[in-house]
Every structure is written in C-alpha cells, then in structure tokens.
Amino acid sequence: MSHTPPQVLDSEEQTPAPAATAAQTPESHAATLLHLSFNQDSGCFAAATDRGFRIYNCDPFREIFRRDFGPGGGVGLVHMLFRCNILAFVGGGADPRYPPNKVMIWDDHQSRCIGELSFRSEVKGVRLRRDRIVVVLAHKIFVYNFSDLKVLHQIETIANPKGLCDLSHVSATMVLVCPGLQKGQVRVEHYASKRTKFIMAHDSRIACFSLTHDGRLLATASSKGTLIRLFNTLDVCTQYTIKGVRVRRGADRAEIYSLAFSPTAQWLAVSSDKGTVHVFNLKVDSGLMGHDRSNSTSEANPANPTAVSSLSFIKGVLPKYFSSEWSVAQFRLQEGLQYIVAFGHQKNTIVILGMDGRYVSSASYSCSLNFYRCQFDSSSGGEMTQLEYYNFLKAEDTF
C-alpha cells in the first residue's frame, strides 16, 4: 500500500458551510443516505450515500467536504480515522462503486484509493485505529496492520449480521470487543497482554456494545433492550470476578441502536427504536479513568486495593426490585427510526444522528439525515434542551 502521512482534513479557520441550505442543493436531492458513523472522538461524522460520501463537523455543525462519485458511486459503509485524510469505505446501495466484499482505503488528498482488502463474503463492519484496521464479516473478524495491510489476527464469531465490534482508541493499548461463539457472549481481546476472555453478558443475543476510549469499561445490551450491563474489562480479563452493573432503559422490549460513553465515563447515552435517547449517570470512580494502569502487575493482582476501589461504579441504594438505575435525562424523538448517539465536546451535550427512511417502491428506498445537538442538566436531569436541529439529504418531493 502506498502511504501518505495523515493530515488534518479541515481547519477551524475554514469558513463554515451553510448547513441550513445544504439540503437545497441538487446534489443533496439526488443522494440517498446509506450509513452514518462518528469518528473516534465524536467530533465529526461520515455519511455514506448512493453517490459517494460526506464528512460533517459536529460543533459547530457544518459540512467539511464531500466526494460525489455520481451514478454507480454507491458507498455502503464509511469510517474516518480521527480527522485525517485517510478513510475506509465499502461499496453499497443499488449501484455500488466497489464490490461489497472489499474494504477500500481512501486518501482524500490524493482523491484515490491507496489500498484494498478483499474477502470471500460481504463486509459487515469496519473499525479503525491509527495502527490497525479491523474488518468484520458475518462469522469472522480480521485484524490488520495499518502500515502494510498484513493480517495480524483472525477471530471466529457467532453470526454477526450487524457487524458488531468495538476498539479502544488510546494508542498505548488496544482492546477489541466482539461477539463470542455463544448467544449473549462477548469476547474481549487485550492485545498488550495477549489475553482473551469471554463474558456471558446476556441470556439473549447481543444487540449492541461500546467501549470507553481506553477500553477499560464495556457497556452491553441484548435484543430485549431493557437492561444495559457494565463490565470492567481489566478485571474480567484477570479473573477478578464482578457482577456487571445494570442500568435500566425501560420496561418493554426495544431495539438498542447505539451506546456511548462520555470521555470521563461518568455518563452513558443509549438510543433505541422507541424514539428516546437516555443518559445515565454511572457515578464512576474517578480513579478508574484517571489512574495510569499501564503496569501489568497491578492489573493482574486482584488484591490490589486500588484495583478493588475502582470497581465501585454505582454509589448509593439502587431499587431492589431491579438492581438497576434509571436514566437521569431523556430526549424524545420519532419512534421507529434508527438513531446513533455520541457525547458532544461541549459540557453535558449530546449529538444524535437519525436516519429518516421511507419506502418509495419495490426497488427504491429514500433516507434523509436528522442532526440534533442537545444539552442535559447534570443536576436535575429530566428532558434535554434541543440546541440545534438540521434535516438534510432529503428526497425530492416527487418521490
């Protein structure tokens, strides 16, 4: 793979694109949204369309750039590498630019692909770190070295049609989480210590999970969607057994679409098909995120008092009949749509991306994008305040 040093895609001095008028351009009318993904620090997000891809800044909201490949330019998955010029995408839609069994490494400064990874089956997911590329297939996961695209690891999983996988983003360590080989099981790979452990997180199938940036905390949700469980991956991997702390989203079943930790791991955001985004206060011990635990001896010693004290996720008395904690803040949205959520860079803010799809014909499906930025009160909780809202990539009225 030819290699170009990663460079920052945009500058704060750049004039913001007028977001409110983005949906009025002919290109926007012609494009249909296929996939959304936040970058690693949630400061940007990428939108894959049936004509190419676009990159947006979250705060302030603006379109940074777009690549319109025209007809036959469908991109089904797109993922950024922080804010640099290197992206990974997979062809998709009715008329894909590349086969759906290939991951293309794109250098936007050269406006061309500088590498590709080919597989025997359709790619279900891609995850990026500065040093690794992870590709998810229906029953297998491949880990590659970013610099030369050499395969480093292969993992067998249970059927994984959603392409579930998550990575830590701190450069010093790499933690990978993926489905195990059993229903409800999660596999945790600690590459620095070369350890693999399995967590029986739920009785039903895994619907969603998320890691903190450093990979120390894991949140999981099942297909029932009523409980989210939390695990300390360090202690799970050293056989120091703790019960997963549970937070309750609601009493009825729901499809969980995304889970997101705040940078300090104090808050957890959850989105589902019920049209409500919940924020939970995890009351995480500050030592868990602030203490440098690069020393493998302290990690491996269950008797270490620092390690034990860091496990006190939830303080106070929880409802005995649920052994869980209800959300402290909510934001109401339209039910039945798919939303993904992340924490904004401003204090106590949430960014929500929604795919507003509708059936057009037996061969056509139109989908637009909803962007919300909200703020929650960390003291009193309750309903969040909407700070921004945009709807774009709208279908033409003639559809």
Query raised in the report: Can you list the steps and then say if Asn85 with Asp108 is a side-chain hydrogen bond (donor to acceptor under 3.5 Å, both in side chains)?
Result: CA-CA 5 Å; Asn85 52 300; Asp108 200 70; over 6 Å; no
Between [X] and [Y], is there a donor-acceptor pair closer than 3.5 Å when you use the side chain of the first and the backbone of the second?
| X | Y | result |
| --- | --- | --- |
| Asn101 | Phe119 | yes |
| Ser204 | Ser222 | no |
| His79 | Val126 | yes |

**Report entry** Arg66 bridged to Asp68 by N-O distance under 4.0 Å
**Finding:** no
Query raised in the report: Tyr339 versus Ser272: any side-chain heavy-atom pair under 4.5 Å?
Result: no
Query raised in the report: Any side-chain heavy atom of Leu164 within less than 4.5 Å of one from Val177?
Result: no
With under 30° as parallel and over 60° as perpendicular, where do the rings of [X] and [Y] fit, or are they tilted in between?
| X | Y | answer |
| --- | --- | --- |
| Tyr390 | Phe371 | tilted |
| Tyr56 | Phe61 | parallel |
| His169 | Phe82 | perpendicular |
| Phe53 | Phe65 | perpendicular |

Requested in this report: Quick one: name the residues clustered hydrophobically with Ile155, using the 4.5 Å side-chain heavy-atom rule over I, L, V, M, F, W, Y, and just say none if it's on its own.
Outcome: Val134, Val136, Ile141, Val143, Leu167, Met174, Leu176, Tyr191
Shared hydrophobic cluster, [X] / [Y] (ILVMFWY, side-chain heavy atoms < 4.5 Å):
| X | Y | answer |
| --- | --- | --- |
| Val151 | Leu137 | yes |
| Val75 | Ile64 | yes |
| Ile114 | Val135 | yes |
| Tyr257 | Val270 | no |
| Leu149 | Leu81 | yes |

Query - Within 6.0 angstrom of Lys183 NZ, more than 12 heavy atoms from elsewhere - result: no
Report summary line: Only residue of Trp267, Phe331, Phe280 satisfying ring-ring contact (aromatic ring centres under 6.0 Å, His included) with Phe376 is Trp267
Report summary line: Only residue of Ile350, Leu387, Thr385, Ile352 satisfying side-chain contact (heavy atoms from CB on, under 4.5 Å) with Arg373 is Leu387
Query raised in the report: In this structure, which one of Leu259, Thr276, Val277 forms a side-chain contact (heavy atoms from CB on, under 4.5 Å) with Ser271?
Result: Val277
Report task. Would you please test Glu335 and Lys274 for salt bridge (charged side-chain N to carboxylate O under 4.0 Å, His left out) and show each step? Result -> CA-CA 5 Å; Glu335 284 194 38; Lys274 294 301 181 181; 5.1 Å; no
Requested in this report: Would you verify whether the NZ or CZ of Arg97 falls within 45 degrees of the ring axis of Phe69 while also being under 6.0 Å from that six-membered ring's centre?
Outcome: yes
Report task. For His213 and Ser168, run side chain to side chain contact (heavy atoms under 4.5 Å, CB included): C-alpha distance rounded to whole Å, both residues' side-chain angles, the deciding distance at 0.1 Å, then the answer. Result -> CA-CA 5 Å; His213 288 182; Ser168 62; over 6 Å; no
Please find out if less than 6.0 Å separates the ring center of [X] from that of [Y].
| X | Y | value |
| --- | --- | --- |
| Trp106 | Phe89 | yes |
| Phe261 | Phe343 | no |
| Tyr372 | Tyr389 | yes |

**Report entry** Short side-chain donor-acceptor distance under 3.5 Å, Asn39 and Asp41
**Finding:** yes
Query - Side-chain donor-acceptor contact under 3.5 Å, Thr32 with Thr49 - result: no
Query raised in the report: Do any pairs count as a side-chain hydrogen bond (donor to acceptor under 3.5 Å, both in side chains) and have a residue in residues 132-141, sequence neighbours left out, and if so which ones?
Result: Arg132-Asn145, Lys140-Gln154
**Report entry** Worked check of side chain to side chain contact (heavy atoms under 4.5 Å, CB included) between Leu217 and Thr233
**Finding:** CA-CA 6 Å; Leu217 292 183; Thr233 64; over 6 Å; no
